[in-house]
Trainee: 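Have a look at the structure that comes next, please.
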Amino acid sequence: MFDEPTTGLDPIRVNAIHQLILDLHRLLHFTAVIVSHEIPEIFSLATHVAMLHGGVIVATGTPAEIQASPDPVVQQFITGQIAGPIEVN
């Protein structure tokens, strides 16, 4: 289980951690669960993705299937788009 393994790291360390996870996976053939908000990185690491929203799984599939999802919640999270105008008080 990797819970936000690259949070706060610089890009060089992020790449090193990702490579370490991939290398260990190839060597040891284990199943890993990676919790992350770093969507592009997860898509490059994972063979299967589960996306949570409001504590509920809203999408599962391969990275390609998730990216092709027509669900607006999934697309908003992937693209980082703001759902509507931001109100400033």
Side-chain angles (χ1 to χ4, degrees):
M1 173 87 174
F2 299 93
D3 187 5
E4 300 282 356
T6 58
T7 297
L9 298 179
D10 63 77
I12 295 169
R13 301 281 189 284
V14 168
N15 288 334
I17 294 297
H18 289 167
Q19 193 60 54
L20 177 63
I21 292 170
L22 290 170
D23 289 347
L24 286 172
H25 179 261
R26 281 188 207 104
L27 179 67
L28 302 173
H29 307 287
F30 61 88
T31 297
V33 175
I34 303 172
V35 178
S36 181
H37 292 87
E38 303 297 330
I39 300 304
E41 287 85 4
I42 288 302
F43 286 156
S44 69
L45 289 170
T47 57
H48 194 84
V49 175
M51 185 173 289
L52 299 172
H53 178 70
V56 176
I57 296 175
V58 295
T60 63
T62 66
E65 290 168 341
I66 298 294
Q67 289 170 310
S69 171
D71 185 325
V73 171
V74 173
Q75 286 303 313
Q76 181 183 10
F77 196 79
I78 290 171
T79 62
Q81 297 296 313
I82 298 170
I86 298 174
E87 294 184 28
V88 179
N89 295 329

Trainee: Can any side-chain N or O of Q75 pair as donor or acceptor with the backbone N or O of Q67 at less than 3.5 Å?
Mentor: yes
Trainee: Please check if the distance between the ring centroids of H25 and F30 is under 6.0 Å.
Mentor: yes
Trainee: Quick check for you: to the nearest 0.5 Å, what is the distance between R13 atom CZ and T6 atom OG1?
Mentor: 13.0 Å
Trainee: Is F77 close to H53 at the side-chain level, that is, under 4.5 Å between some pair of heavy atoms?
Mentor: no
Trainee: Can you get from V56 to V33 by hopping between Ile, Leu, Val, Met, Phe, Trp and Tyr side chains that sit under 4.5 Å apart?
Mentor: no
Trainee: Measure across I12 and D10 and return the closest heavy-atom pair with its distance rounded to 0.1 Å.
Mentor: N-OD1, 3.0 Å
Trainee: Could you tell me which non-hydrogen atom of I66 sits nearest to which non-hydrogen atom of V74, and how far apart they are?
Mentor: O-CG1, 3.7 Å
Trainee: Where is the tightest heavy-atom contact between A46 and P63, given as atom of each residue plus distance?
Mentor: O-CG, 3.3 Å
Trainee: L9 and L20: same hydrophobic cluster, using ILVMFWY side-chain contacts below 4.5 Å?
Mentor: yes
Trainee: Grouping I, L, V, M, F, W and Y whenever their side-chain heavy atoms are under 4.5 Å apart, do L45 and L27 come out in a common cluster?
Mentor: yes
Trainee: Does atom CG of L28 have more than 12 heavy-atom neighbours, drawn from other residues, nucleotides or ligands, at distances under 6.0 Å?
Mentor: yes
Trainee: Okay, side chain of Q81, backbone of Q76: is any donor-acceptor separation there less than 3.5 Å?
Mentor: no
Trainee: How close do E65 and G61 get, counting heavy atoms only, and between which atoms?
Mentor: OE1-CA, 3.1 Å
Trainee: Would you call V35 and M1 a side-chain contact if the rule is heavy atoms closer than 4.5 Å?
Mentor: yes
Trainee: Would F43 and I78 satisfy side chain to side chain contact (heavy atoms under 4.5 Å, CB included), going step by step from the backbone distance to the final call?
Mentor: CA-CA 10 Å; F43 286 156; I78 290 171; 4.2 Å; yes
Trainee: Linking I/L/V/M/F/W/Y whenever their side-chain heavy atoms sit closer than 4.5 Å, directly or via other members, would V58 and L52 fall into one cluster?
Mentor: no
Trainee: What heavy-atom pair brings V49 and I42 nearest, and what distance separates the two atoms?
Mentor: CG2-CG2, 4.2 Å
Trainee: Minimum heavy-atom separation for T62 and H48, please, with both atom names.
Mentor: N-ND1, 4.4 Å
Trainee: Decide whether L22 and I39 are clustered together by the hydrophobic rule: side chain heavy atoms of Ile, Leu, Val, Met, Phe, Trp, Tyr closer than 4.5 Å, transitively.
Mentor: yes
Trainee: Does the side-chain hydrogen bond (donor to acceptor under 3.5 Å, both in side chains) test come out yes or no for H37 and E4, once each step is laid out?
Mentor: CA-CA 8 Å; H37 292 87; E4 300 282 356; 2.6 Å; yes
